Amino acid sequence: MEISAKELAALCGGSVEGNENAKVSDFAKIEEASDGDLSFIANPKYAHYASTTGATILLVSQDFEAPSDLKATLVRVSDPYSTLAQLMRMVAQATPRPRGIEQPVMVGENSTLPEDVYVGSFAYIGKNVTIGNSVLIYPQVYVGDNCVIGDNTILYPGVKIYAGCKIGKRCILHAGVVVGSDGFGFAPVEGHYEKIPQMGGVIIEDDVEVGANTTIDRATFGNTLIGRGTKLDNLIQIAHNVRIGEDNVFAAQVGVAGSTRIGSRNRVGGQCGFAGHLEIGDDNEFGAQSGMHTNVKDGKKMMGYPAVEAMQFARNTVYMKRVADLLASKKRDK
């Protein structure tokens with residue numbers, strides 16, 4: 001799809017600075033862009049590329065100071081990053097979607113498949129499964145008995161959804177995701193462990209995205225819950241009976257132990273760990289590799305292991321350095 005700077009500005013409510021007839025047909029990183037590419041500058045540390053980029057059009061903020069040797073046409077917008085995301089979504093939505101049922105496919109009794117569904121080869125759909133409109137089920141997906149898949153949801157190759165789980169509308173589950181595997185429940189009995197049957201399910205609400213090879217365990221009873229709009233990165237483990245609120249973002253390799261409750265709008269860095277049975281509030285930030293072992297209220301910034309508030313973590317780091325310097329000076333004095 002080719003679009004001019006003038007058309008682009010009209011589409012996103014921006015203004016053109018340069019050749020309004022300049023045209024682009026692809027997206028590219030600013031340092032790798034070439035003629036015909038659209039790129040952007042949202043972070044000031046990339047501003048120096050404006051002089052050297054090969055991009056034809058740059059999305060920039062209203063207050064961006066253009067260098068004197070700029071060659072690209074600028075389209076000034078209020079937020080270049082969100083504008084780029086909007087444009088990329090429009091292009092993605094214009095891409096033709098697969099339709100129809102390939103063969104071989106197994107569909108169980110009393111399962112409903114709407115006319116506009118796509119089911120790829122070697123997919124398995126169990127009994128009494130409800131599939132919504134415009135759902136895409138790619139090859140080698142397994143959907144167990146009594147599952148519900150909402151409208152416009154995408155299940156990429158190799159997704160496994162165990163029996164009795166519910167997936168909302170407009171969800172995206174990437175390759176290798178497992179939903180509804182047994183929670184890690186074992187009772188110590190006379191020197192060995194006996195399995196506790198996991199009789200609950202998993203509910204994933206609307207507009208959730210789950211990254212590749214992430215696992216979400218079914219509840220012992222009741223449901224493990226992932227709230228509306230939450231985004232989970234790759235390689236995350238969500239244990240049984242966890243309840244996660246709305247619009248959270250979790251980076252890769254986060255682990256959440258059983259029965260922990262996490263509120264809404266939290267931002268969780270990579271490799272963070274949450275102990276079991278915790279209560280985590282809303283609007284918190286957790287630095288990468290933080291370890292949570294106690295409850296956290298609302299609006300906190302946590303770092304370290306065990307995690308403390310960010311300012312305390314910074315002070316602790318300074319204190320530790322001072323202790324090291326003090327010990328080194330004592331050794332020199334001897």
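Predicted, not measured: the structure shown is a model, and the values here were computed from it.
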Which is it for Leu38 and Leu8 under the side chain to side chain contact (heavy atoms under 4.5 Å, CB included) test, yes or no, and what are the steps along the way? CA-CA 10 Å; Leu38 170 67; Leu8 189 61; 3.9 Å; yes

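Distance OG1/Thr73 to CG/Leu59: 11.5 Å, rounded to 0.5 Å. To the nearest 0.5 Å, atom CG of residue Leu173 and atom CD1 of residue Ile167 are 5.5 Å apart. With rounding to the nearest 0.5 angstrom, the OG atom of Ser82 is 9.5 Å from the CG atom of Leu87. If you take CG on Asn248 and OG on Ser264, they are separated by 6.0 Å, rounding to the nearest 0.5 Å. With rounding to the nearest 0.5 angstrom, the OG atom of Ser78 is 7.0 Å from the CD atom of Gln62. In this structure, CD1 in Ile244 is found 5.0 Å from CD1 in Ile262, a value given to the nearest 0.5 Å.
More than 12 heavy atoms of other shown residues, nucleotides or ligands fall within 6.0 angstrom of atom NZ in Lys195. Within 6.0 Å of atom CZ in Phe27, more than 12 heavy atoms from other residues, nucleotides or ligands are found, so the atom counts as buried in its surroundings. The number of heavy atoms from other shown groups lying within 6.0 Å of OH (Tyr305) does not exceed 12. Counting heavy-atom neighbours within 6.0 Å of Glu2 CD, excluding the residue itself, gives a total above 12. The number of heavy atoms from other shown groups lying within 6.0 Å of CD (Gln103) is above 12. By the 6.0 Å contact criterion, NZ on Lys231 is enclosed, its count of non-hydrogen atoms from other residues, nucleotides or ligands being greater than 12. Environment of NZ in Lys166: sparse, with no more than 12 heavy atoms of neighbouring residues, nucleotides or ligands closer than 6.0 Å.
Checked for salt-bridge contact, Asp283 and Arg265 meet the test: a charged N lies under 4.0 Å from a carboxylate O. Using a 4.0 Å cut-off between charged nitrogen and carboxylate oxygen, Glu285 and Arg267 count as a salt-bridge pair.
The backbone N or O of Ser134 lies less than 3.5 Å from a partner atom in the side chain of Arg97, making a donor-acceptor pair.
Here the shortest heavy-atom pairing between Ala257 and Gly276 reads CB-N, 3.4 Å. Contact between Gly132 and Pro114 at its shortest, heavy atoms only, is O-CG, 3.1 Å. When all heavy atoms of Phe250 and Val256 are compared, the closest pair comes out as CE2-CG2, 4.0 Å. Nearest heavy-atom pair, Ala72 versus Ala55, reported as atom, atom and distance to 0.1 Å: CB-O, 3.3 Å. Shown here for Lys300 and Lys297, the closest heavy-atom pair between the two residues is CG-O, 4.2 Å. Summarising the geometry of Leu58 relative to Phe40, their closest heavy-atom pair is CD2-N, 4.0 Å, with the distance given to 0.1 Å.
Side-chain contact, Asn128 with Asp145: no donor N or O sits under 3.5 Å from an acceptor N or O. Asp217 and Ser181 are linked by a side-chain donor-acceptor pair at a separation below 3.5 angstrom, with hydrogens and angles left out of the test. In summary, the side chains of Ser121 and Glu102 do present a donor paired with an acceptor at a separation below 3.5 Å, with no hydrogens or angles considered. Inspection of the Gln86 and Arg89 side chains reveals no N or O donor paired with an N or O acceptor under 3.5 Å.
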Sequence neighbours left out, cut at 3.5 Å: what donor-acceptor pairs do the side chains of residues 10-19 make with other protein atoms?
from	atom 1	to	atom 2	distance (Å)
Glu17	OE1	Arg76	NE	2.8
Glu17	OE1	Arg76	NH2	3.4
Asn19	OD1	Asn21	N	3.0

Cut-off 3.5 Å, no hydrogens considered: what does the side-chain donor-acceptor table look like for residues 197-215, sequence neighbours left out?
from	atom 1	to	atom 2	distance (Å)
Gln198	OE1	Thr220	OG1	3.1
Gln198	OE1	His240	ND1	2.9
Gln198	NE2	Ile196	O	2.7
Glu205	OE1	Arg228	N	2.9
Asp206	OD1	Lys169	N	2.8
Asp207	OD1	Arg170	NE	2.7
Asp207	OD2	Arg170	NH2	3.1
Glu209	OE2	His174	NE2	2.7
Thr214	OG1	Gly211	O	3.4
Thr214	OG1	Asp233	O	2.7
Thr214	OG1	Leu235	N	3.2
Thr214	OG1	Ile236	N	3.1
Thr215	OG1	Gln237	OE1	2.5

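Using a 30° and 60° split on the angle between ring planes, Tyr138 and Tyr156 fall in the parallel class, below 30°. A perpendicular orientation is assigned to the rings of Phe186 and Phe184, their planes being inclined by more than 60° (bins at 30° and 60°).
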